[in-house]
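Computed from a predicted model, the values in this text were never measured in an experiment.
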Amino acid sequence: MNIFVAKLSFDTEEGGLRDAFEEFGSVDSVKIIMDKFTGWSKGFGFVEMHNDAGAQNAIKHLHDSEKDGRK
């Protein structure tokens with residue numbers, strides 16, 4: 001399952017995002033979208049998880065949670 005993750009802090013890194021989702025199962029890939037001109041995060045990204053049940057559990061528990069100072 002490919003999960004869209006919004007409202008990310010500009011300080012959030014792919015490793016930290018992976019760690020948050022790995023609490024709920026195996027993470028296949030993490031990609032934070034970056035602005036090609038400034039190199040800054042655009043504040044959203046994608047997390048791909050192989051197991052749909054783990055992905056749904058992650059969505060349930062991480063929705064509206066705080067990460068790096070942002071909900």
Would you check, one step at a time, whether the test side chain to side chain contact (heavy atoms under 4.5 Å, CB included) holds for Asn51 with Phe24?
CA-CA 9 Å; Asn51 183 312; Phe24 304 97; over 6 Å; no
Using ring-ring contact (aromatic ring centres under 6.0 Å, His included) as the criterion, list what pairs up with Phe4, not counting sequence neighbours.
Phe44, Phe46
Please round to the nearest 0.5 Å and tell me the distance separating atom OG1 of Thr12 and atom NZ of Lys67.
6.0 Å
Quick check: closest heavy atoms across Arg18 and Val27, and the distance to 0.1 Å?
NH1-O, 3.1 Å
Under the ring-ring contact (aromatic ring centres under 6.0 Å, His included) test, which residues partner His50, sequence neighbours left out?
none
Atom CD of residue position Glu14 - does it have more than 12 heavy atoms of other residues, nucleotides or ligands inside 6.0 Å?
yes
Separation between CG (Asp11) and CZ (Arg70), nearest 0.5 Å, reads 10.5 Å
Apply side chain to side chain contact (heavy atoms under 4.5 Å, CB included) to Glu48 and Ile3, showing your working.
CA-CA 6 Å; Glu48 190 170 357; Ile3 305 165; over 6 Å; no
Between Asn57 and Ile59, is a side chain to side chain contact (heavy atoms under 4.5 Å, CB included) present by the stated rule, with each step listed?
CA-CA 5 Å; Asn57 197 23; Ile59 291 168; over 6 Å; no
How far does CD of Glu22 sit from CG of Leu17, to the nearest 0.5 angstrom?
10.0 Å
With a 4.5 Å heavy-atom cut-off, do Glu23 and His61 have their side chains touching?
no
So, for Ile32 and Ser41, which heavy atoms are closest and what is the spacing to 0.1 Å?
CG2-OG, 3.5 Å
